[in-house]
Peer 1: 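One structure coming up, written as structure tokens, with questions to follow.
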Amino acid sequence: MKGFRYLKEVSTLQLDQAACVGCGRCLEVCPHQVFSLAEKKASIRDRDACMECGACALNCPVRAITVDAGVGCATGLINEWLQERKLRAPGGNCCS
Amino acid sequence: MSYMVPPGLYAIGTPAADDPVLVTANYKMSYDIIRQSLTGRNVWLLVLETYGINVWCAAGKGTFGTGELVRRIESSRLAEVISHRRLLLPILGAPGVSAHEVSRRSGFSVSYATIRAADLPEYLDNGKVTTPAMRELTFTFYERLVLIPVELVQALKPVALIGGVLLMLVALLGDTASGVAAFCAFFGAVLAGIVLGPLLLPWLPGPSFALKGAAIGLFWFGFFYLLAGGDSWSRPVTLAIFLAIPAVSAFFTLNFTGCSTYTSRSGVKKEMRIALPVMGGVLLICAVLLLAQRLL
């Protein structure tokens with residue numbers, strides 16, 4: 001995204017190029033232009049721009065893409081950690 | 001006050017069987033913005049039940065999702081109303097909707113049109129082609145500004161509580177004036193982290209939100225030092241305030257990752273694993289410094 005870069009080398013985005021059928025759906029759904037398409041194969045051109053929203057993985061018809069998608073806000077993660085350690089009742093989140 | 005629109009099929013203008021079908025959430029603002037931007041046109045609008053939540057957040061939670069879309073296609077009898085089988089979805093709905101799955105289960109094909117409703121007229125006039133600009137997220141000064149009031153309201157309760165405790169503790173250990181000063185320092189650090197951090201986001205150093213927050217906290221420390229006559233403070237007190245303010249601001253700017261349009265879950269996790277222990281440690285050192293000052 002123009003003018004903004006987040007931490008480098010943290011995104012869990014993976015693309016299995018052998019499985020890719022080149023439909024271009026990942027380019028269509030990605031709001032950060034992470035993918036490019038050449039010769040009927042998608043490739044990851046800018047992994048560090050990925051915000052792990054999961055749209056590409058969900059919309060890939062051959063499941064060639066994996067990413068650990070989910071809530072990315074601090075409050076949400078603190079609540080998640082507290083719930084994992086049974087320090088807080090499940091349910092309730094940062095965004096309703 | 002209700003922010004929900006009943007889900008179902010709506011008409012903008014007087015659409016015919018071959019006119020386009022747009023899909024949106026039943027958050028009233030999403031619905032209103034789409035209707036407004038498409039005034040004077042004839043299109044169908046299929047509104048999904050997202051319980052008054054906007055498209056992007058609802059997609060993240062899965063309520064703006066494959067299951068709801070397929071159900072709504074059936075319950076609205078869309079197939080009987082229109083002659084084609086193409087749905088136009090907002091790009092930010094894609095984290096919840098699996099296009100090929102919708103197609104398999106309903107027979108309707110999904111095209112992701114644009115991110116912003118404002119681009120829809122151009123998209124439709126364009127022969128339904130998405131330009132690169134239409135699929136690029138932004139995070140402008142104004143887009144950040146409008147998020148801040150909600151952040152402030154959400155922080156109000158815990159901040160008032162912690163601030164009150166801080167005021168009483170310092171007042172008991174020292175005097176009332178010091179208590180009020182400590183409260184002001186804390187409250188200013190919170191405001192710096194919630195308001196200034198997000199507003200100045202692209203100009204603050206580094207990619208890390210916690211570091212950006214710490215930087216704006218340092219700025220507030222400098223201001224507070226001049227404002228409250230810092231040259232009369234003892235060394236331990238000065239050091240404690242110098243450490244505590246950036247830690248507090250950093251926490252609140254880090255929390256803004258939840259509102260940002262480009263931070264990843266893994267990135268926020270990494271930041272928090274480093275930043276939270278550092279903040280905790282720093283606040284502990286501050287407490288020790290202040291107690292030592294008082295007791296020694």
Side-chain angles (χ1 to χ4, degrees), chain A residues 1-14 21 23-36 46-65 67-82 91 93-96, chain B residues 51-53 56-57 59-61 65-66 89 91-101 103-104 110-112 115 130 132 135-140 154 201-203 206-210 251-273 275-276:
Chain A
M1 190 162 75
K2 282 187 195 98
F4 296 93
R5 297 297 287 180
Y6 197 43
L7 308 188
K8 283 181 186 159
E9 284 157 37
V10 289
S11 173
T12 52
L13 179 71
Q14 296 295 335
V21 290
C23 70
R25 193 61 107 163
C26 49
L27 280 79
E28 192 186 329
V29 298
C30 179
H32 286 299
Q33 292 72 49
V34 167
F35 299 94
S36 61
D46 188 3
R47 181 180 276 112
D48 288 341
C50 173
M51 60 169 175
E52 298 180 320
C53 71
C56 52
L58 189 63
N59 280 279
C60 177
V62 291
R63 297 188 184 185
I65 302 172
V67 59
D68 176 21
V71 183
C73 64
T75 311
L77 281 172
I78 291 175
N79 287 345
E80 232 173 73
W81 284 342
L82 291 178
N93 221 324
C94 55
C95 11
S96 44
Chain B
Y51 307 95
I53 304 295
W56 199 6
C57 289
K61 288 208 173 277
T66 309
L89 266 68
I91 291 177
L92 294 184
V97 176
S98 173
H100 54 278
E101 194 62 17
S103 169
R104 192 179 64 78
V110 167
S111 299
Y112 294 103
I115 287 178
T130 308
R135 66 168 110 254
E136 187 167 353
L137 261 175
T138 55
F139 205 26
T140 62
Q154 280 182 346
L201 203 62
W203 303 289
S208 149
F209 275 49
F251 177 81
F252 283 97
T253 302
L254 177 57
N255 200 40
F256 193 68
T257 50
C259 292
S260 101
T261 57
Y262 70 101
T263 53
S264 62
R265 174 184 173 81
S266 300
V268 177
K269 268 188 181 170
K270 183 181 176 186
E271 269 208 76
M272 284 176 62
R273 262 191 224 111
L276 289 185

Peer 1: Under a 4.5 Å heavy-atom cut-off, does chain A meet the side chain of B:L137, its backbone, both or neither?
Peer 2: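 Backbone plus side chain of B:L137, per the 4.5 Å heavy-atom cut-off to chain A.
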Peer 1: Show the nearest heavy-atom pair for residues A:C53 and B:P95, with the distance to one decimal.
Peer 2: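 Scanning both residues completely, I find the closest heavy atoms to be O-CB, 3.5 Å.
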Peer 1: Who passes side-chain contact (heavy atoms from CB on, under 4.5 Å) against A:I78, sequence neighbours left out?
Peer 2: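 Residues passing side-chain contact (heavy atoms from CB on, under 4.5 Å) with A:I78: A:L82, B:F251, B:M272, B:L276.
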Peer 1: What part of B:T130 lies closer than 4.5 angstrom to a heavy atom of chain A: side chain, backbone, both or neither?
Peer 2: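 Answer is neither: B:T130 stays 4.5 Å or more from chain A.
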Peer 1: B:T66, B:V97, B:L89: which one forms the most heavy-atom pairs within less than 4.5 Å of chain A?
Peer 2: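 When all of B:T66, B:V97, B:L89 are compared, B:V97 has the most.
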Peer 1: Tell me the closest heavy-atom pair linking B:A99 and A:R25, and the distance in Å.
Peer 2: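 The answer is CB-NH2, 3.1 Å.
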Peer 1: What distance separates B:S264 OG from A:R47 CZ, expressed to the nearest 0.5 Å?
Peer 2: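 Going from the OG atom of B:S264 to the CZ atom of A:R47 covers 12.0 Å.
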Peer 1: Would you compute the distance between atom CZ of B:R135 and atom SG of A:C30 and round it to the nearest 0.5 angstrom?
Peer 2: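 One gets 9.5 Å once the value is rounded to the nearest 0.5 Å.
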Peer 1: Search all heavy atoms of B:A94 against all heavy atoms of A:L58 and return the closest pair with its distance.
Peer 2: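 That would be O-CD2, 3.8 Å.
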Peer 1: Excluding sequence neighbours, so at least two apart, what forms side chain to side chain donor-acceptor pair (under 3.5 Å) with A:Q33?
Peer 2: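 If we apply the side chain to side chain donor-acceptor pair (under 3.5 Å) test to A:Q33, skipping adjacent residues, there are no hits.
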Peer 1: Chain A heavy atoms under 4.5 Å from B:S103: which part of the residue, side chain, backbone, both or neither?
Peer 2: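 For B:S103, no heavy atom lies under 4.5 Å from chain A.
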Peer 1: How many angstroms lie between CE in A:M51 and CZ in B:R265, if you round to the nearest 0.5 Å?
Peer 2: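 Taking CE in A:M51 and CZ in B:R265, the distance rounds to 14.0 Å.
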Peer 1: Would you call the rings of A:F4 and B:Y262 parallel, tilted or perpendicular, taking 30° and 60° as the class edges?
Peer 2: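 Tilted: the ring planes of A:F4 and B:Y262 meet at 30° to 60°.
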Peer 1: Looking at every heavy atom in both B:T261 and A:M1, which two are closest together, and how far apart are they?
Peer 2: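 Between these two residues, the closest heavy atoms are OG1-CE, 3.4 Å.
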Peer 1: Picking from A:G54, A:A57, A:C60, which has the most non-hydrogen pairs under 4.5 angstrom with chain B?
Peer 2: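 Heavy-atom pairs under 4.5 Å are most numerous for A:C60.
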Peer 1: Between the side chains of B:K269 and A:E80, is the shortest nitrogen-to-carboxylate-oxygen separation below 4.0 Å, so that they form an ion pair?
Peer 2: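 Salt bridge between A:E80 and B:K269, a charged N being under 4.0 Å from a carboxylate O: no.
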Peer 1: With rounding to the nearest 0.5 angstrom, report the CZ to CG distance, B:F209 to A:L7.
Peer 2: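 If we round to the nearest 0.5 Å, B:F209:CZ and A:L7:CG are 9.0 Å apart.
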Peer 1: Would you confirm whether B:H100, through its side chain, and A:V62, through its main-chain N or O, come within 3.5 Å as a donor-acceptor pair?
Peer 2: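 Checked: no pair found.
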Peer 1: Can you tell me which portion of A:C56 sits under 4.5 Å from chain B's heavy atoms? Options are side chain, backbone, both or neither.
Peer 2: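 The answer is neither part of A:C56.
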Peer 1: Pick whichever of A:G3, A:C50, A:P31 has the most heavy-atom pairs under 4.5 Å with chain B.
Peer 2: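 Looking at each option in turn, the highest pair count goes to A:P31.
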Peer 1: So, the side chain of B:S266 versus the backbone of A:S11: is there a donor-acceptor pair under 3.5 Å, distance only?
Peer 2: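 It does not hold such a pair.
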Peer 1: How long is the span from the OH atom in A:Y6 to the NZ atom in B:K270, to the nearest 0.5 Å?
Peer 2: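 Here the interatomic distance stands at 9.5 Å.
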